Amino acid sequence: MALDSLDVRLLRIFVTIVEAGGFAAAQGELNLSLSTISNHISALESRLGLILCQRGRSGFRLTEEGRAVYEEAKRLFGTIDQFDIRMKGLQHRLNGTLSVGLIDNTLSDPASRLTRVFARMTDEAPEVALSIVTRPPHELLRDVITGELHIAIASFPRTTLGLEYVDLYEETQRFYCGAEHPLFSRDDSTIEIDDIRSYNLIGRSYWNARDLKTFSIANPRATVSDMEAEARLILSGRYLGYLPDHFASRYVSAGLLRPIRPDLFSYRAPFQAAFDKSRAKSGLVPFFVKLLTSEFGVAPSGRSASRLRAGR
């Protein structure tokens, strides 16, 4: 079938419903009544000649054909977004230098699509030069505030007033010990919080030991500023600490590390892009943010925040 603008609109409504989890859940985002939403989906089904979903008292459920249409629609919209970004790059002839700050050791995370983002930035704005630095998250926020960096991407231990944040993805952190540590050979069922407290724990300098609050430890025996330093200490067999699971996996496979009580000592660290909206009304930053939201498949709108939360 040849798609027209109405088909594309109906497909966008369908995708929104699927990602919201049903007609009622999508009402707020679509700003449409239930009857209007139902009519739109009926029209799309008639246009495609397919039943896309089951809806009613039993709840919302995609059919096999509906799942296939959803996946194809997502691919279609990704292509449209790429076209839009490319055209804007050509229209505005973006140039200059974009300064991006990252935290260390995210390359092995399959959830991080930054390699693809940088490839698209280079392809779609070839006259833009990139400057990329790697620093602890609190330093990245400081440098965004001072204007040294245009944008920072990390899991931040705290958010800062005056900056905008776009949620990108999450990273799983687990609590590890090395092969030479006394806990390595102990069964998880025999390990409790009190057992952990009796050993050397690692804190992160930008967290001021808040990452160890579960253990009620105010002063860790070691403090680090990055994941590689923490991994070295854990591998020594003398310390315990948190690591991203994707970073630790190679050492786990080699029998050099193991996670301790993942049912108790693990968390999801949200990764965000942070930027100063007052400096990003036009030019490189909005273009790069749109690339991020397109590649990660997240909402493009930023948000301000100042609450303390789990990070790395």
Side-chain angles (χ1 to χ4, degrees), residues 100-119 132-141 151-158 167-181 183-185 188 191 196 199-215 217 220-274 292 295-296 298 309-312:
V100 181
L102 307 175
I103 58 171
D104 67 307
N105 295 305
T106 59
L107 186 60
S108 58
D109 191 347
S112 175
R113 300 181 58 83
L114 291 176
T115 302
R116 174 63 182 159
V117 171
F118 289 129
I132 302 176
V133 301
T134 303
R135 292 174 187 155
H138 65 299
E139 293 183 15
L140 294 178
L141 289 179
I151 191 165
I153 300 170
S155 180
F156 301 108
R158 67 171 70 243
D167 296 327
L168 299 177
Y169 67 100
E170 292 185 333
E171 173 190 78
T172 300
Q173 294 261 336
R174 303 188 195 280
F175 195 67
Y176 287 91
C177 73
E180 295 185 18
H181 196 277
L183 292 180
F184 191 84
S185 59
D188 269 351
I191 301 174
I196 303 296
Y199 293 104
N200 298 329
L201 304 186
I202 304 169
R204 297 169 189 177
S205 57
Y206 46 90
W207 260 98
N208 295 324
R210 286 191 299 272
D211 50 337
L212 301 177
K213 63 182 180 180
T214 301
F215 309 109
I217 298 293
R221 296 298 299 274
T223 303
V224 299
S225 63
D226 58 71
M227 295 299 97
E228 184 169 330
E230 185 150 4
R232 286 184 184 277
L233 291 179
I234 298 171
L235 286 165
S236 76
R238 305 300 187 271
Y239 295 87
L240 303 173
Y242 283 99
L243 289 173
D245 60 351
H246 62 86
F247 178 71
S249 63
R250 75 193 90 166
Y251 304 107
V252 173
S253 298
L256 299 175
L257 291 180
R258 60 154 288 203
I260 297 175
R261 291 298 302 270
D263 58 320
L264 292 180
F265 313 130
S266 66
Y267 64 89
R268 301 281 290 174
F271 271 65
Q272 297 174 305
L292 286 170
E295 194 62 38
F296 282 95
V298 296
R309 33 27 101 65
R312 83 147 160 128

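Quick caveat, the model's predicted, so the values are computed rather than measured.
Here the straight-line distance linking atom CG of Leu201 with atom CG of Leu233 works out to 12.0 Å at 0.5 Å rounding. To the nearest 0.5 angstrom, Ile151 atom CD1 is 11.5 Å from Leu140 atom CG. Here the CZ-CG distance, from Arg221 to Asn200, works out to 4.5 Å after rounding to the nearest 0.5 Å. The distance from atom CZ of Arg113 to atom CD of Glu295, rounded to the nearest 0.5 Å, is 4.0 Å.
In this structure the side chain of Pro110 reaches within 4.5 angstrom of the side chain of His246, judged on heavy atoms. In this structure the side chain of Pro270 reaches within 4.5 angstrom of the side chain of Ser155, judged on heavy atoms. The closest side-chain heavy-atom distance from Arg258 to Cys177 is below 4.5 Å. Side chains of Tyr267 and Thr172 form no contact here, defined as non-hydrogen atoms less than 4.5 Å apart. Pro137 is listed as a side-chain neighbour of Ile103, based on a closest heavy-atom distance under 4.5 Å. Side chains of Leu264 and Ile191 form no contact here, defined as non-hydrogen atoms less than 4.5 Å apart. The shortest distance between side-chain heavy atoms of Phe271 and Thr106 falls below 4.5 Å. Here the side chains of Ile153 and Leu168 are in contact, with some heavy-atom distance below 4.5 Å.
Salt bridge Asp226/Arg135: absent, no basic N to carboxylate O contact under 4.0 Å. The pair Arg268-Glu171 does not count as a salt bridge, with every side-chain nitrogen at least 4.0 angstrom from each carboxylate oxygen.
The closest donor-acceptor contact from the side chain of Ser266 to the backbone of Gln173 lies at 3.5 Å or more, if one exists at all.
In this structure, Phe175 and Phe215 have tilted ring planes: the angle between them lies in the 30° to 60° band.
For Ile234 against Leu240, the heavy-atom pair with the smallest separation is CG1-C, 4.3 Å. Across Asp188 and Pro262, no two heavy atoms sit closer than the pair OD2-CD, 3.5 Å. Listed here is the closest heavy atom pair of Val298 and Asp167: CG2-O, 3.3 Å. Across all their heavy atoms, Pro220 and Gly203 have their closest contact at CB-N, 3.6 Å. Minimum heavy-atom separation, Leu257 to Gly178: CD2-CA, 3.8 Å.
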**Report entry** Tyr239 and His181: CA distance, side-chain angles, deciding distance, ring-ring contact (aromatic ring centres under 6.0 Å, His included) verdict
**Finding:** CA-CA 8 Å; Tyr239 295 87; His181 196 277; 9.0 Å; no
Query raised in the report: Please walk me through it: do Leu114 and Leu292 pass side-chain contact (heavy atoms from CB on, under 4.5 Å)?
Result: CA-CA 8 Å; Leu114 291 176; Leu292 286 170; 3.9 Å; yes
Query - Audit row: Phe265, Ile196, side-chain contact (heavy atoms from CB on, under 4.5 Å) steps and yes/no - result: CA-CA 11 Å; Phe265 313 130; Ile196 303 296; 4.0 Å; yes
Query - Steps toward side-chain contact (heavy atoms from CB on, under 4.5 Å) verdict (Arg238, Glu180) - result: CA-CA 8 Å; Arg238 305 300 187 271; Glu180 295 185 18; 3.4 Å; yes
Query - Trace of the side-chain contact (heavy atoms from CB on, under 4.5 Å) decision for Val100 with Phe118 - result: CA-CA 10 Å; Val100 181; Phe118 289 129; 4.3 Å; yes
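Not counting sequence neighbours, the partners of Arg232 by the side-chain hydrogen bond (donor to acceptor under 3.5 Å, both in side chains) test are Glu228.
The aromatic ring centroids of Tyr242 and Tyr176 lie 6.0 Å or more from each other. In this structure, the ring of His138 has its center no less than 6.0 angstrom from the ring center of Phe156.
At most 12 non-hydrogen atoms from other residues, nucleotides or ligands lie less than 6.0 angstrom from CG of Leu107.
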